[in-house]
2 protein chains.
Amino acid sequence: MRVRLEDVARAASVSPKTVSRVLNDEANVSDETRKRVRAAMEAMDYRPHPSARSLAGSRSFLVAMLYDNNDNPASTYLAEIQDGVLEACDAHRYSMMVRPLRMRSDDFIRRLDTLISDHHPDGVVLTPPITDYAPLLKRLRERNVPYASVSPMQRGNAIGVSMDEQQAARAIVEHLLALGHRRIAHVIGIADHGASRWRLAGYREAMAAAGLPEDPALVVQGAFTFGSGVAAARQLFALEQRPTAVFAANDDMATGVMWAAGEYGLKVPHDLSVCGFDDTPLARQLWPALTTIQQPSREMGKIAAQQLLNLLRGRGLGQLVEIPFSLQIRNSTARVP
Amino acid sequence: MRVRLEDVARAASVSPKTVSRVLNDEANVSDETRKRVRAAMEAMDYRPHPSARSLAGSRSFLVAMLYDNNDNPASTYLAEIQDGVLEACDAHRYSMMVRPLRMRSDDFIRRLDTLISDHHPDGVVLTPPITDYAPLLKRLRERNVPYASVSPMQRGNAIGVSMDEQQAARAIVEHLLALGHRRIAHVIGIADHGASRWRLAGYREAMAAAGLPEDPALVVQGAFTFGSGVAAARQLFALEQRPTAVFAANDDMATGVMWAAGEYGLKVPHDLSVCGFDDTPLARQLWPALTTIQQPSREMGKIAAQQLLNLLRGRGLGQLVEIPFSLQIRNSTARVP
DNA sequence: ATGAAAGCGCTAACAT
DNA sequence: ATGTTAGCGCTTTCAT
């Protein structure tokens, strides 16, 4: 049969409430008693019943991870974040559920309400691009559901994790500049995503700092997909004055650019330097391997969840942790021809 | 405040137990009463408290989706299955949790036990390649946790969903044969995965049926990744007698083959036909677009979960549903040069 | 076909 | 620092 809290109490010769105190790391238990109770729990392999706990305590020990299912970024990115969130939740014995939501859909808020009413998550983790969807944030606040974000655009009082993507983008463009490139193109991601804006801003900043006026023909719209990278590259290669380097806003598009280069008979990096952003597994598998910015998605998911859990467990307020990027220089970039 | 079952009972002038009966679709409620109770629930926007329900009823209304985190197939595949499982769970007001497990890890079973003891899922959905991991299945049976599988290898009394991958592989190779190809290579997936075996078997079957003896040099090992496709293709292109067509066991590897073809100056499909398996989004974005087998992962996840839920809800026993494949002929395959 | 009473396993609020 | 009592919102069991 199932071992209950009451059984542990009996074994440790204390009251159920004391066991409960130990279970929840509460105060007012002597070290000696605490030790004895812990030993009894261990010996009996006691597992608290989550439903009983949440029914009596009105906390669910549940974290929901929300993501956009409409034009979500690469599924590998989300999968990694999910793994990180899960790891953090596991460590604190919280459970996690995932909820796809359609940002442009009319019943977005209704679905959110359903989620909250049906499952009572103690908190939620928001992933791009819904980290800054105003109606969502408003509703979460109204319903008193704490949240943490991965790469939020508004950094005001947000908690979670972020990376200085603009700085990173600037660094990678400066790498190209240092190689002698001047005609450097940029392939933008989905327009209103924070990631797209920061990366574009970093590109512009680096170009401006190098005294290069922006050539609108060199900045083309993509959509974070391989296919959009191919299309963007074709557009660039059709130019009279082709770029000598392309900075795509993510690795998938960079891969598309390399693909298109093949079509046009351009050798990377000899005829064309290409770089991306994210450091997906693909980046290392390509030949030549892709110069890119390492974005540790899994780690970011984990940190965001940890901040949320700190808040939920009354361990401080939760912060917006800034994590460092690192420029991965590989073989897809070389000196200008 | 929260609307409780008791409140609904009062509003409908019945006892709490009757509302409970209606909530759980139980018998012994007159149609008229049932209607009245349903109306009251609707009017009051009643949401049963999941914890109270599971505490009293000893069912969790929870389905866990298990996947391998060691050498999992493409994350997009799992993400799609996950979405399908989630959709089915939502429809029946079950919640879903995801659990990565490391198949080759020693504490696999311990982690499974922890999952079951901590969360008491009413059932689990198994995804490749852990659908046939004997210690797992054994433990699930011992602990009386029902399960359904996506593409299990042992079809004995499994429930879930499957596709005739061998037949599909045979069909795609027959397509190549019909185009006049004779030197057809195959890039195998991760060795012990069912998917790899079936696709290889289908390849062999088609070749044999065409009276072509197997050339071992034309069958090379891959690992389902883009990079492994590139490596396999380089091996094939180094052969004195190059193949005129390559059937890769999935789209990622097929993409790798096309990439390597570019390196070798081979034009697809003019110099080389390439086809894959899965019909990932990538397949349509490539140029030329990839001939492949459509495998509706999302739908498969949904069906597997539905079969499990049928079982859990006492609606029959759950079956192994066979879903049809469809050959997507695109531009990466053409007549033999 | 419907209801009354008891209790699932925990924690809140109040003792001591 | 520890214990007692009541009750979270449902379902079970057993009655009628």
Side-chain angles (χ1 to χ4, degrees), chain A residues 1-38 40-41 44-62 93-95 117-120 122 312-314, chain B residues 1-38 40-41 44-62 93-95 117-120 122 312-314:
Chain A
M1 273 319 302
R2 163 172 270 286
V3 176
R4 290 156 310 153
L5 181 141
E6 191 193 333
D7 304 320
V8 176
R10 202 172 303 127
S13 316
V14 293
S15 75
K17 178 68 221 188
T18 298
V19 179
S20 172
R21 285 198 180 92
V22 174
L23 184 62
N24 295 291
D25 283 323
E26 282 171 25
N28 294 326
V29 181
S30 73
D31 280 1
E32 197 232 327
T33 309
R34 201 180 290 273
K35 204 167 294 175
R36 195 153 33 95
V37 171
R38 285 239 169 82
M41 286 177 163
M44 307 173 83
D45 191 29
Y46 169 65
R47 314 294 186 122
H49 194 300
S51 301
R53 231 144 83 98
S54 64
L55 180 57
S58 57
R59 324 160 46 188
S60 60
F61 298 94
L62 206 210
R93 303 193 145 250
Y94 271 66
S95 55
S117 303
D118 283 353
H119 301 284
H120 307 286
D122 287 341
L312 297 180
R313 300 173 4 114
Chain B
M1 273 317 301
R2 163 172 271 285
V3 176
R4 289 155 312 154
L5 182 141
E6 191 193 332
D7 304 320
V8 175
R10 201 170 306 125
S13 317
V14 292
S15 75
K17 176 67 222 188
T18 298
V19 178
S20 172
R21 286 197 179 93
V22 173
L23 184 61
N24 294 293
D25 285 322
E26 282 171 24
N28 294 326
V29 181
S30 72
D31 280 1
E32 197 232 325
T33 308
R34 200 179 291 272
K35 203 166 295 175
R36 195 151 35 96
V37 171
R38 286 238 168 81
M41 285 175 162
M44 307 174 83
D45 192 28
Y46 169 66
R47 314 293 186 122
H49 194 299
S51 300
R53 231 143 84 98
S54 64
L55 180 58
S58 57
R59 322 161 47 189
S60 60
F61 299 94
L62 206 211
R93 305 195 142 246
Y94 271 66
S95 54
S117 303
D118 283 353
H119 302 283
H120 308 284
D122 288 340
L312 296 181
R313 302 176 359 116

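In what follows, every chain begins at residue 1, and chains take the letters A, B, ... in the order their sequences are listed. Keep in mind that the numbers below use all heavy atoms, side chains included, and drop hydrogens, waters and symmetry copies. Bear in mind that the values here come from a model prediction, so they are computed numbers and not experimental data.
Proximity of B/R53 to the phosphate of D/dT11: a side-chain N or O atom is located under 4.0 Å from OP1 or OP2. Under 4.0 angstrom from either OP1 or OP2 of D/dA1 there lies no side-chain N or O belonging to A/T33. Applying the 4.0 Å criterion to OP1 and OP2 of D/dT11, one finds that B/S20 has a side-chain N or O inside that range. In terms of phosphate contacts, A/Y46 brings a side-chain nitrogen or oxygen within less than 4.0 Å of OP1 or OP2 of C/dC10.
Here B/S54 lies out of heavy-atom contact (under 4.0 Å) with every strand. The residue A/S51 sits apart from the nucleic acid: no heavy atom pair falls under 4.0 Å. As judged by a 4.0 angstrom heavy-atom cut-off over every strand, A/P48 is placed among residues touching the sugar-phosphate backbone only. A/R2 comes within 4.0 angstrom of sugar-phosphate atoms only, judged by non-hydrogen atoms across all strands, and of no base.
One interatomic measurement links the two molecules: CG of A/L23 to P of C/dG9, which rounds to 15 Å at whole-angstrom precision. For the pair B/K17 NZ and D/dC10 P, the interatomic distance rounds to 13 Å; values are reported in whole Å. Atom P of nucleotide C/dG9 and atom NE2 of B/H120 are separated by 10 Å, given to the nearest angstrom. In this structure, A/R59 atom CZ and D/dG9 atom C1' are separated by 19 Å, rounded to whole Å. Here the C1' atom of nucleotide D/dC10 and the CZ atom of B/R93 are 16 Å apart, to the nearest Å. Whole-Å rounding puts the B/H49 NE2 to C/dC10 P distance at 16 Å. Going from atom CZ of A/R10 over to atom C1' of D/dG3 covers 15 Å, rounded to whole Å. What separates CG of B/N28 from C1' of D/dT11 is a distance of 15 Å, to the nearest Å.
The A/E26 side chain lies nearest to C/dA12 when the options are C/dA12, D/dG7, D/dG9. Listed candidates were D/dC10, D/dT4, C/dG3. Nearest to the side chain of B/T18 is C/dG3. Ranking C/dT2, D/dT11, D/dT2 by closeness to the A/S30 side chain, first place goes to D/dT2. The nucleotide whose nearest atom lies closest to any side-chain atom of B/L5 is, among D/dT12, C/dT2, D/dC10, D/dC10. Comparing atom distances between the B/N24 side chain and each of D/dT11, C/dA12, D/dG7 picks out D/dT11 as nearest.
Not a single donor-acceptor pair under 3.5 Å links the side chain of A/D122 to the backbone N or O of A/R59.
DNA chain C is contacted by both B/S15 and B/G57; B/S15 maps to the nucleotide lying nearer its 5′ end (nearest heavy atom per residue).
Within the 4.5 Å cutoff, the side chain of A/V14 has heavy atoms near those of the A/R36 side chain. Proximity of A/L62 to A/H119: side-chain heavy atoms (C-beta onward) are separated by under 4.5 Å at one or more points.
Closest approach of B/A12 to B/A40, counting heavy atoms only: CB-CB, 4.1 Å. Taking every heavy atom of both residues into account, A/Y46 and A/R4 meet most closely at CE1-C, 3.6 Å.
Side-chain atoms of A/R47 stay outside donor-acceptor range of the base of C/dG9, with no qualifying N/O pair under 3.5 Å.
By the 6.0 Å and 45° rule, B/R93 does not stack over the aromatic ring of B/F61.
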